Amino acid sequence: MTRRAMGRRGVTLIEILLALIIMVLGVVGILALFPGALQQAAESMEDTQSAIVGESVAHALVNALRNAEFDKATLQYKCVLVHDLYSSDPGANGNGERGRYEFILPKGDTTGATPNPWYHFPSASKPPPADPGAKVDLANWDAEADNRVFKLGGDGWMKATTDETKKNDPTDAWTQFGYSINVMKVPTLDYLRGKPKPTVPGAPAQTYQPDEVERMQKLYEFKIVVYRIANAGASFGGGSAVGGGQGQEVRRAVAVMTKRISVR
């Protein structure tokens, strides 16, 4: 074979196959980065939205406690939480009560013998007016198995569409999140129980009574749990705690925010 003939020789089949293999390996390597990037984007969205929801609920609780009403008979405060929530049975018109939730702050242990109890809000999947909460043992509490959750109401028209299709609309992020609240009265002045009061000389000795200490303590600790909710049904808190399929919902706790707030 002359040198001119060798210069005109084409690419062999083996060389084509090797080139294709190298190209495929490169493309596969690039494509392998996409699932991780998509997962990171989803987690970033969850983190951002859950932080916004948690901060928003915390600010609403501050306003609720600032305007709380004290009941002298029960020694408890009644508060009204005004927030984006869907907190009652949809009813005949499919609207239910949105944006307003009445609840009663818990008392501490008046004997001082045991730690103050935690209470969960809402107390039921359809909370009563002036919800007193439900006592909960946080050490053994499974947040994702508890179906007592406030769902964000979202836009009215979007909510109607979501309820009609029995699943979340991927374009409406707010209806894919919810939250619940756990609260405990902080025993800031428990050490005063039974202790003598300051008195003027010659006055009879007096001690701090449990009811007095209860009235004086005004600080509460809140744990706000934010959930990512998918495939939600139409009713408040409806569906199974963990599951899938039509009419059920899958909840996942994505953030917990702790905040201490005082009443006036």
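The model shown is predicted, which means the values in this text are computed figures rather than measured ones.
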Output for pair (I52 CD1, D47 CG), nearest 0.5 Å, gives 11.0 Å
- Message: Is there a side chain to side chain contact (heavy atoms under 4.5 Å, CB included) between F121 and V136? Walk through the geometry before answering.
- Response: CA-CA 10 Å; F121 294 91; V136 63; over 6 Å; no
Looking only at heavy atoms, the pair that brings V263 and A68 closest together is CG1-CB, 4.3 Å
With sequence neighbours left out, the residues meeting side-chain hydrogen bond (donor to acceptor under 3.5 Å, both in side chains) with K223 are T258
*asked:* Is a donor from one side chain sitting under 3.5 angstrom from an acceptor on the other, for W141 and D146?
replied: yes
By side-chain hydrogen bond (donor to acceptor under 3.5 Å, both in side chains), E55 pairs with (sequence neighbours left out) none
Contacts table for residues 201-208: side-chain donor-acceptor under 3.5 angstrom, sequence neighbours left out:
from: T207; atom 1: OG1; to: Q209; atom 2: NE2; distance (Å): 3.1

| request: Would you indicate whether the side-chain heavy atoms of V82 and N63 approach each other to under 4.5 Å? | output: no
(request) Treat each ILVMFWY residue as a node, draw an edge where side-chain heavy atoms are under 4.5 Å apart, and state whether M216 and L65 are in one component. (result) no
- Can you check side chain to side chain contact (heavy atoms under 4.5 Å, CB included) on V226 and F177, steps first, answer last? CA-CA 7 Å; V226 181; F177 286 83; 4.2 Å; yes
Report task. May I ask you to test the F222-I181 pair for a side-chain heavy-atom distance under 4.5 Å? Result -> yes
Item checked: Candidate pair H83 and F150, rule ring-ring contact (aromatic ring centres under 6.0 Å, His included), full reasoning -> CA-CA 10 Å; H83 193 265; F150 294 118; 9.0 Å; no
The side chain to side chain contact (heavy atoms under 4.5 Å, CB included) partners of A19 (sequence neighbours excluded) come to none
Applying salt bridge (Lys or Arg N to Asp or Glu O under 4.0 Å) to R260 and not counting sequence neighbours gives E221
Sequence neighbours excluded, the answer for salt bridge (Lys or Arg N to Asp or Glu O under 4.0 Å) partners of K185 is E214
Let's go through Q217 and D190 carefully: what are the C-alpha distance in whole Å and the side-chain angles of both, what is the deciding distance for side chain to side chain contact (heavy atoms under 4.5 Å, CB included) to 0.1 Å, and is it a yes or a no? CA-CA 8 Å; Q217 297 185 117; D190 269 2; 3.4 Å; yes
Heavy-atom nearest pair, N147 first then R251, reads CA-NH2, 3.1 Å
Can you confirm whether V256 sits close enough to I224 that some side-chain heavy atom of one is under 4.5 Å from a side-chain heavy atom of the other?
no
task = Please step through side chain to side chain contact (heavy atoms under 4.5 Å, CB included) for the pair L138 and M184, ending with a clear verdict.
result = CA-CA 11 Å; L138 283 191; M184 175 196 72; over 6 Å; no
Salt bridge (Lys or Arg N to Asp or Glu O under 4.0 Å) filter on E69, not counting sequence neighbours, yields none
All heavy atoms of A58 vs all of I261, minimum pair found to be O-CD1, 4.2 Å
Those residues at least two apart in sequence (or on a different chain) that pass salt bridge (Lys or Arg N to Asp or Glu O under 4.0 Å) with R252 are E46
Heavy-atom closest pair (S123 atom, G133 atom, distance to 0.1 Å) is CB-C, 3.5 Å
* Asked: With side chains defined as the heavy atoms from C-beta onward, is the minimum distance between M23 and I21 less than 4.5 Å?
  -> no
- Does the side chain of Y220 pick up a donor-acceptor pair with the side chain of S262 at under 3.5 Å? no
In this structure, CG of L192 is separated from NZ of K197 (nearest 0.5 Å) by 10.5 Å
Residues passing the side chain to side chain contact (heavy atoms under 4.5 Å, CB included) test with I22, sequence neighbours excluded, are none
Hydrophobic cluster membership, with links at side-chain heavy-atom distances under 4.5 Å among I/L/V/M/F/W/Y: are L75 and L105 in one? yes
Heavy atoms of Y179 and L85 approach each other most closely as OH-CD2, 3.2 Å
Residues passing the side chain to side chain contact (heavy atoms under 4.5 Å, CB included) test with A130, sequence neighbours excluded, are K78, E102, I104
Residues at least two apart in sequence or cross-chain that pass side chain to side chain contact (heavy atoms under 4.5 Å, CB included) with P117, listed by chain then number, are Y119, K135
How about I16 and I14: do any of their side-chain heavy atoms sit closer than 4.5 Å?
no
In terms of heavy-atom contacts, L81 and A60 come closest through CD1-CB, 3.4 Å
> For R148, does its backbone N or O pair with a side-chain atom of H120 as donor and acceptor, under 3.5 Å?
Replying inline: yes
Hey, are the side chains of Y101 and D131 touching, using non-hydrogen atoms and a 4.5 Å cut-off?
yes
Separation between CD (E212) and CG (L189), nearest 0.5 Å, reads 12.0 Å
*Side chains of T74 and K107: does their closest heavy-atom pair fall under 4.5 Å?*
no
Worksheet entry | Heavy-atom check, side chain of D84 versus side chain of S56, under 4.5 Å | no
By ring pair (Phe, Tyr, Trp, His ring centres under 6.0 Å), F70 pairs with (sequence neighbours left out) Y77
